[in-house]
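Predicted model only: the values in this text are computed from it and were never measured. Residue numbers start at 1 and run along the sequence shown.
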Amino acid sequence: MSRFTENTRIIRLKSLNANTDIATLARRVVEECRLIHPSELPEVEQLLFYLQNRKKPEKHSPRDLTPFEGMEEANINSIDDYVELLYEDIPEKVRGATLILHLARNPDNLEELLQNETALGALARVLREDWKQSVDMATTIIYVFFCFSSFSQFHGLVTHYKIGALCMNITEHELKRYDLWQDELQKKKKAYILQLRSKEHEKALKKYQGLLSKQEQLLQVALYLLLNLAEDTRTELKMRNKNIVHMLVKTLDREDEELLVLVVSFLKKLSIFLENKNDMAETYAVEKLARLLACDHENLLNTTLRLLLNLSFDTGLRSQMVQAGLIPKLSSLLADEKQGQLCMCILYHISVDDRFKSMFAYTDCIPQLMKMLFECGESHMDPELISFCINLAANKRNAQLICEGNGLKMLMKRGLKLKDVLIMKMIRNLSQHDGPTKNLFIDYVGDLAAQIGAEEREEYVIECLGTLANLTIPDLDWELVLKEYNLVPYLKDHLNPGSAEDDLILEVVIMIGTVSMDDSCAATMAKSGIIPALIELLNAQQEDDEFVCQIVYVFYQMVFHQATRDVIIKDTQAPAYLIDLMHDKNAEIRKVCNSTLDIIAEYDKECERKIQSEKFRWHNAQWLEMVENRAMGDDGEPSMFGDDGEPFMHSGDILERPDLFYTADGTISPEFFTDYQNGDIGQAGGFPGR
């Protein structure tokens, strides 16, 4: 049989089966079809041979439907008869829809069915009008359109008949029915227990499970169709506006693993958009996903972890993960070859937040990570693994666990031997914690100092230098270290602006601050001319708060020692710079600067006068600005009254106030400022009315 379509002619071979003589059939096709030239007979034979021996197409369905069991074989030529059944009662409609579905499951028939608008229109009408009357019928018809939705070129057809919107309505309705079933079942359970009617309860439970099985089959095929249609982001947006995320999260309460795989896959696809991610946060999807981590279904577990990984980029959702107890659950999966990498990535994201770092100490996560590190030997290490370890090392309790046994020794051995920057970064984080952990580094000071040199990579030197700078240990002989490894020239040379990357120069400054805690080291630094170099660097980096703060801290350490204090006060401009920085916008800089100036003022009277004068000038300016602002009303005009309604000009004679002394230029005198600081203002002879 053959028929024409646009630019093609379709030939149907009813008699083709496993026993057909291909050569005879090929000659017959060439003879009856004038469009095929006799010279193409070999090609026709080859095509027929392929058709005869091809494998049956794989099923691309969510799951097999029970109506196929014992069902008659469907034939594409009888499609009109099947359509007629759709106009009968519900059982006949189910039978007709099932036969059409049997055809639609074969992709070769989809083009033919596409041309039959009557069949598709009838299916869409029956689904729209009668879906509440039969779950089997609704499932079967949606399944037909699901077969079309599996191919992108047919999405327009599914959209044309508004099957997506119908599936959304059906899903919402079925979820509400599920809630009603649950409530009803609980009521019956209580009633049967009170009446000791256990058999009736078992009967009701069995009925409920049967209804639930059919409903989950319907939900699966409907959601699968929606997932296929969601390839188009505009369609996905429409679903989001109809609360698809809320429906999917609600479905996570189910126990059917195949349905859960589909739901989690759908959520994973949706999670890449901000709005959908926010919806998942509002519905506490993480709490429901947490229970799935204990399942034995490999595909479901993998899909759940991938969804959690997408969600873990959000700070709020990471907090939900911690509250749901995901850290120990994920830690227990780190050793799993198939899921371990995903778990590590999620845990890495959680470890970014300082508030959650300490929680890893109460799991078996750190011992597992250390084992993985040491198993790498000298081979390449996964960046996720070492990055995770770097984050954990920033917590004091974690650092103690990492350094237990030979932990620190093994890390130092690998880091120094392979010049591994990331391992050294982890070691640097470990070295910042005070207490027993920091004392473990005394044995490695020489090894670290030996790495400081121009021949090493800058990023590697930065980590080694940063580790040494963290070692503020009183018993450490820094003078011996500086001499033995000739570090002073290196430190001085790298203070020059532009001599190296800013990160390295900053570490040099911090290192100088650390060694300056030692009296003899501070003197050595002062003699080498490092202080003028620091002032020059301060000028160059005055806009960088971190540089300024660390340089001022070096001065703070040096003014503790007599030798360096005299050099700083008498031979450099450091006090002048410190005075300028007294009122910096950065609170930390102000704090360190004021502490340094207080020490200088104790030992140098001239500097003390300059510091007091600057403080007076600053407070005087602040006082005048405050008075000026209070004196102006809301309309910008001068005001005679204060905030409390009292006039600025009090009833007393202002000339009779002996506590106010003005200089010739009209500013408040230092004597008044001294009284003000000492708290004498407001005593006898103070402001009237106060």
Open item on the list: Going by the rule salt bridge (Lys or Arg N to Asp or Glu O under 4.0 Å), which residues pair with D518 if we only count those two or more places apart in sequence or in a different chain?
Closed with: none

Task: Qualifying salt bridge (charged side-chain N to carboxylate O under 4.0 Å, His left out) pairs, either residue in residues 428-443, two or more places apart - done: R428-E463, R428-E507, D434-K438

Task: Check ion pair E378-K417 (N to O, under 4.0 angstrom) - done: yes

Open item on the list: Under a 4.0 Å threshold between the charged nitrogen and the carboxylate oxygen, would K176 count as salt-bridged to D179?
Closed with: no

Open item on the list: Show every side chain to side chain donor-acceptor pair (under 3.5 Å) that has at least one partner inside residues 280-292, sequence neighbours left out.
Closed with: D253-K288

Open item on the list: Assess, by modelled atom type and distance only, whether the side chains of Q550 and E546 contain a donor and an acceptor separated by less than 3.5 Å.
Closed with: yes

Open item on the list: My understanding is that only residues two or more places apart in sequence, or in another chain, count here; which of them pass side-chain contact (heavy atoms from CB on, under 4.5 Å) with S595?
Closed with: Y556

Open item on the list: Could you report the tightest heavy-atom contact between L267 and M280, atom names first, then the distance?
Closed with: O-CE, 3.2 Å

TODO: Could you note down all residue pairs passing ring pair (Phe, Tyr, Trp, His ring centres under 6.0 Å) where residues 414-463 supplies at least one of them, sequence neighbours left out?
DONE: none

Task: Residues that D382 engages under side-chain contact (heavy atoms from CB on, under 4.5 Å), provided they are two or more places apart - done: Q341, E384, L385

Open item on the list: Under the rule for side-chain contact (heavy atoms from CB on, under 4.5 Å), what residues qualify as partners of A449, not counting sequence neighbours?
Closed with: L468, V481, Y485, L487

Task: Pairs satisfying ring pair (Phe, Tyr, Trp, His ring centres under 6.0 Å), at least one member in residues 385-405, at least two apart - done: F360-F388

Task: Side-chain donor-acceptor contact under 3.5 Å, Q220 with Y224 - done: no

- [ ] Check the surroundings of atom CZ in R306: do more than 12 heavy atoms from other residues, nucleotides or ligands lie under 6.0 Å from it?
- [x] no

TODO: Can you measure from CD (Q320) to CG (L311) and round to the nearest 0.5 angstrom?
DONE: 9.0 Å

Open item on the list: If the threshold is 4.0 Å, N to carboxylate O, is there a salt bridge linking E174 and R177?
Closed with: yes

Task: Lys/Arg-Asp/Glu bridge criterion (N-O < 4.0 Å) met for E172, K242 - done: no

- [ ] Kindly write out the residues that satisfy side-chain contact (heavy atoms from CB on, under 4.5 Å) with S387, not counting sequence neighbours, or none if the list is empty.
- [x] Y348

TODO: Would you name the heavy atoms of C549 and V592 that are closest together and state the gap between them?
DONE: SG-CG2, 4.4 Å

Task: Under 3.5 Å donor-acceptor, R457 side chain and K419 backbone - done: yes

TODO: Could I get the full list of ring pair (Phe, Tyr, Trp, His ring centres under 6.0 Å) partners for H297, not counting sequence neighbours?
DONE: none

Task: E298 and K338 ion-paired at < 4.0 Å - done: yes

- [ ] Give every residue pair that meets the side chain to side chain donor-acceptor pair (under 3.5 Å) criterion with at least one member in residues 392-403, sequence neighbours excluded.
- [x] R397-Q400

Open item on the list: Distance check, rounded to the nearest 0.5 Å: L229 atom CG versus R234 atom CZ?
Closed with: 12.5 Å

Open item on the list: Can you confirm whether E455 is buried at CD, in the sense that more than 12 heavy atoms of other residues, nucleotides or ligands lie under 6.0 Å from that atom?
Closed with: yes

Task: Partner set under ring pair (Phe, Tyr, Trp, His ring centres under 6.0 Å) for F313, not counting sequence neighbours - done: H349

